[in-house]
Amino acid sequence: MKQRNFIVALFACVLMFSTVVVLTVWSENELSAEEKRFDLDKNDELSDAEEQLMFRVMRLEVARGNKFSTQEIREMLNGQRDRSRRRGGGGRGRGSREPSGPRLNPEQVKFKDGAATVPDRETFEKLSYQGTDVRIDTQLTGIEFVKIQIENTHTQNPQLYFMNTETHRSHGSFMRAAGLGRGQGQMRGVLSYRPLFMAPNGEPGVYTFEFNPNDAFPFEEIKLAHDLLVAKMPILKNRLGYCPLWGAIGIYNREKALYDAAEFPVYFEDDLYANVGYLPLNQAASFGRLRVLELDERPTPRDIVICKTLPNEMPRVAGVITGVRQTPLSHVNLRAIQDKVPNAFIAEAWENKEIAPLIGKYVYYKVDANGFEIREATLKEVERHFSDVRPSKAQKPERDLSGTKILPLNDIQFADSARFGVKTVNVATLRTFGFPEETVPNGFGIPFYFYDEFMKHNGFYAKIEALLTNLAFQNNYDAREIGLKKLSDAIQKGEMPVWMMDALSELQDSFPEGTSLRCRSSTNNEDLPGFSGAGLYDSFTHHPDEGHLSKSIKQVFASLWNFRAFEARDFYRIDHLATAMAVLVHPNFADELANGVAVTDDVVYQTIGNYYLNTQVGEDLVTNPEEQSIPEEILLDWWDSNNYRVVTTSNRTADGKRILTDTYLRELNGYLGMIHNKFSQLYGPVGRTKDFAMEIEFKIKSDGKISIKQARPWGQ
């Protein structure tokens with residue numbers, strides 16, 4: 001009984017390859033009070049559908065901060081059984097409500113219930129709702145929307161009502177308040193704002209209108225709705241398009257010629273995702289000097305940079321704008337998240353009328369879901385900002401040197417991060433989740449103790465102390481880069497004590513002869529909740545013809561002192577001498593078919609209930625893509641791997657062929673569910689926040705099998 005309740009506390013994680021076992025446990029025990037909420041057929045057992053529903057609903061409840069009612073859960077289950085209904089919501093036959101008073105014209109409706117006109121964006125925001133409480137209209141989850149009602153379309157005087165959607169989430173509730181009964185000439189729909197997508201006038205931010213999913217109105221009525229909306233909400237001019245849902249597709253196809261000649265565009269959901277003109281990769285605000293960054297230039301921590309192409313790596317900056325679309329899981333964006341600086345893709349940013357006049361000046365730059373804000377700023381504002389964002393006191397990362405032995409991953413525990421680094425312990429922890437053999441690499445962890453002894457053996461700590469007190473090193477970026485390069489070169493040439501060489505020889509000899517070994521950085525200031533350290537340090541592959549493993553281990557040690565890593569630590573006042581490098585060693589996988597990164601929530605489009613996946617062909621890394629490389633981008637439903645959206649196809653496959661087939665998506669769906677729920681418990685209170693998510697790096701090996709090579713908390 002205790003074991004079953006513990007599983008429920010883990011959000012009832014259910015993997016497709018362990019469903020039978022879990023069902024057996026549940027069927028032999030009395031249901032808990034929490035489980036009974038999902039026993040909708042009251043048979044004292046959870047069916048497969050009910051149990052899958054429980055996993056998703058409990059995550060949604062964490063996100064929204066309260067619980068769904070039994071009726072809402074029942075509607076979700078019905079939607080799960082009927083996919084078209086789940087995607088579209090209800091229709092006309094949901095039961096009418098009697099009006100609560102006399103019929104009101106649009107102008108007579110009080111603002112708490114609705115409005116007759118929407119003069120500006122501010123009014124739309126006051127009327128709109130955005131969140132997870134969308135009842136069965138799940139296609140609206142996370143989208144800012146205002147519901148609309150049109151009356152008397154069959155007369156010469158049609159009337160448009162903008163509902164106050166904060167007050168009335170359903171048309172029935174609004175109709176009761178406005179005294180509207182059901183009858184002829186009615187259109188019930190939604191006006192949605194989609195800030196990421198390009199409007200017909202070429203600017204970011206488009207509005208779409210749609211009607212109940214099973215409604216099928218002729219073109220004349222759709223045009224009437226469009227014209228009424230533009231007349232009553234002038235900011236919609238050249239920003240409004242029609243989005244036909246499944247019930248309207250047939251009549252749209254029959255009348256397509258009329259739509260082709262119309263003054264307003266028609267958007268299907270896939271069209272919107274393909275027409276992104278703005279992507280808020282990291283929502284934040286900052287101050288700094290705005291500059292266009294050329295390929296051979298090095299930015300400073302006070303620069304807000306405009307990049308015409310996406311750099312693979314970058315030291316700390318004050319903000320990022322790219323004129324080409326980024327992958328949200330690139331190291332550039334992970335750094336922006338970690339540094340809490342704004343980062344966005346803005347099409348042709350250097351020519352944007354709001355941005356171009358400010359190049360070379362101090363600016364305030366803000367990125368949010370609805371767009372970006374940029375304006376000129378004073379030097380005083382800039383100085384105050386950087387004084388506020390830098391920690392006031394030095395930070396000393398935890399470093400436990402009591403672990404003196406190289407250990408197999410199977411002997412390393414989640415609590416050992418202060419000895420082996422988070423990257424190593426998370427891979428070791430992944431190996432305990434019961435995934436198929438070889439899904440998670442097997443190998444060894446070299447503890448911080450080895451790095452510390454190596455540095456002391458060569459007297460490198462004294463050299464670092466001399467560097468840190470050197471005035472030129474402190475005040476000149478060029479001198480700093482030169483000094484760090486000399487230090488890194490010296491570390492790579494350093495001498496290891498005999499006992500260390502012997503221990504590394506034993507590790508190397510434990511693998512089959514001819515095995516190439518991947519030596520991966522694992523420090524005490526990366527892969528932490530709130531600080532990923534992504535892209536700061538370097539990993540290396542040691543091939544058999546390179547001799548003793550110490551060569552590559554010293555390269556990893558040296559990467560602790562590269563320029564970008566030093567700058568990041570310096571900005572956050574992290575004690576450089578307390579920082580340490582451990583190393584994760586496992587066989588290298590060559591000739592992989594694909595590389596990918598996945599997050600256990602949609603961190604880009606902010607839809608609820610989806611995993612976010614980026615994948616690219618071969619050895620082209622998503623985190624450090626080759627120039628002009630576009631990865632495959634997929635939103636995968638938490639509970640149903642058959643429900644997914646391909647947002648972007650890879651430009652490295654022939655004819656848009658999908659990298660992640662249905663088989664791979666089913667497998668990843670199971671892995672991601674387990675990883676999210678297990679780590680959410682291991683990270684304790686941090687893991688139980690609504691914003692918690694796990695990021696994994698995976699690859700498809702040459703034999704076609706998935707390997708998960710890393711897991712860390714998504715930057716918060």
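Numbering starts at 1 and runs along the sequence shown. Hydrogens, waters and symmetry mates play no part in the numbers below; they use all other heavy atoms, side chains included.
- For the 3.5 Å distance criterion, the side chains of Y644 and N610 fail to qualify, holding no donor opposite an acceptor.
- For the atom pair N677 CG and M694 CE, the distance stands at 11.5 Å (nearest 0.5 Å).
- Under the 4.5 Å side-chain criterion, counting only non-hydrogen atoms from C-beta, T424 is in contact with L409.
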Test side-chain contact (heavy atoms from CB on, under 4.5 Å) applied to I553 and Y451, step by step
CA-CA 9 Å; I553 298 301; Y451 166 83; over 6 Å; no
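- Proximity of the aromatic rings of F444 and H586 is defined here by a centroid distance below 6.0 angstrom, and this criterion is not met.
- Counting only heavy atoms from C-beta outward, the side chains of N595 and K709 approach each other to under 4.5 Å.
- Here the shortest heavy-atom pairing between L635 and Y612 reads CD2-CD1, 3.6 Å.
- Without hydrogens or angle criteria, Y572 side chain to D339 main chain gives a donor-acceptor distance under 3.5 Å.
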What do the steps show when you test L636 against S641 for side-chain contact (heavy atoms from CB on, under 4.5 Å), and what is the final call?
CA-CA 6 Å; L636 175 64; S641 63; 4.2 Å; yes
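- Shown here are the side chain to side chain donor-acceptor pair (under 3.5 Å) partners of S516, two or more places apart in sequence or in another chain: H543.
- Using a 4.5 Å heavy-atom threshold, the side chains of V367 and N343 count as separate.
- When every heavy atom of A344 is checked against every heavy atom of P280, the shortest pair comes out as CB-CA, 4.3 Å.
- For the pair I446 and L507, the minimum side-chain heavy-atom distance is below 4.5 Å.
- Here the shortest heavy-atom pairing between F433 and K678 reads CZ-CB, 3.4 Å.
- Classification of R419 and D416 as a salt-bridged pair holds, one side-chain N sitting under 4.0 Å from a carboxylate O.
- Nearest approach of K423 to S521, heavy atoms of both residues: NZ-O, 2.9 Å.
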Applying side chain to side chain donor-acceptor pair (under 3.5 Å), run through T689 and D691 and close with a yes or a no.
CA-CA 5 Å; T689 64; D691 296 325; 5.6 Å; no
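- Once rounded to the nearest 0.5 Å, the distance linking CD of E667 with CG of L665 reads 10.5 Å.
- Using modelled atom types, one finds no donor on one side chain facing an acceptor on the other under 3.5 Å when comparing R518 with H542.
- Although no hydrogens or angles enter the test, the distance criterion places no donor-acceptor pair under 3.5 Å between the side chain of N282 and the main chain of K340.
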Stepwise side-chain contact (heavy atoms from CB on, under 4.5 Å) check, V427 with L584:
CA-CA 9 Å; V427 171; L584 167 62; 3.8 Å; yes
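- L660 CG to I700 CD1: the interatomic distance, rounded to the nearest 0.5 Å, is 5.5 Å.
- Under the 3.5 Å distance criterion, the side-chain polar atoms of N426 are matched with a main-chain donor or acceptor of A711.
- F571 carries R316 over the face of its six-membered ring, with the cationic atom under 6.0 Å from the centre and within 45° of the normal.
- Under the salt bridge (charged side-chain N to carboxylate O under 4.0 Å, His left out) criterion, D411 pairs with no residue at all, not counting sequence neighbours.
- Counting only residues at least two apart or in different chains, salt bridge (Lys or Arg N to Asp or Glu O under 4.0 Å) contacts with residues 431-440 comprise E438-K701.
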Using the rule given for salt bridge (charged side-chain N to carboxylate O under 4.0 Å, His left out), can you reason through D640 versus R666, listing the C-alpha separation, both sets of side-chain angles and the distance that settles it, and then say yes or no?
CA-CA 8 Å; D640 184 359; R666 282 194 295 272; over 6 Å; no
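- Counting heavy atoms from C-beta on, the side chains of N525 and R569 come closer than 4.5 Å.
- Put simply, the side chain of E633 never gets that close to the backbone of L613: no donor and acceptor are under 3.5 Å apart.
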Run the side-chain contact (heavy atoms from CB on, under 4.5 Å) test on V597 and E695 for me, step by step, so that the C-alpha distance in whole Å, both residues' side-chain angles and the decisive distance to 0.1 Å come before the verdict.
CA-CA 7 Å; V597 180; E695 172 201 347; 3.7 Å; yes
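- For the residue pair S559 and Y537, the shortest heavy atom distance occurs at O-CD2, 3.5 Å.
- Ring-centre distance between F420 and F414: not below the 6.0 Å cut-off.
- For the pair R520 and F540, the minimum side-chain heavy-atom distance is 4.5 Å or more.
- Between the side chain of D602 and the main chain of G609, no donor-acceptor pair closer than 3.5 Å is present.
- The structure places CZ of F589 at 9.5 Å from OG of S702, a figure rounded to the nearest 0.5 Å.
- S650 meets the side chain to side chain contact (heavy atoms under 4.5 Å, CB included) test with Q616, V617, E632, R652, T653, I659; sequence neighbours excluded.
- The structure places CD1 of I574 at 6.5 Å from OG1 of T579, a figure rounded to the nearest 0.5 Å.
- Side chains of R658 and Y664: no donor on one and acceptor on the other come within 3.5 Å.
- N643 and D637 share a side-chain donor-acceptor pair at under 3.5 Å.
- Here the straight-line distance linking atom CG of L549 with atom SG of C519 works out to 4.5 Å at 0.5 Å rounding.
- Residues that satisfy the side chain to side chain contact (heavy atoms under 4.5 Å, CB included) test with V317, not counting sequence neighbours, are P299, V305, M314, V320.
- With sequence neighbours left out, D368 forms a salt bridge (charged side-chain N to carboxylate O under 4.0 Å, His left out) with no residue at all.
- The aromatic rings of Y671 and F435 lie tilted to each other, with the angle between the two planes from 30° to 60°.
- Put simply, the side chain of D39 gets close to the backbone of D44: a donor and an acceptor are under 3.5 Å apart.
- For V556 against M581, the heavy-atom pair with the smallest separation is O-CE, 3.4 Å.
- The shortest distance between side-chain heavy atoms of V599 and Y611 does not fall below 4.5 Å.
- The shortest side-chain heavy-atom distance between R194 and I143 falls under the 4.5 Å cut-off.
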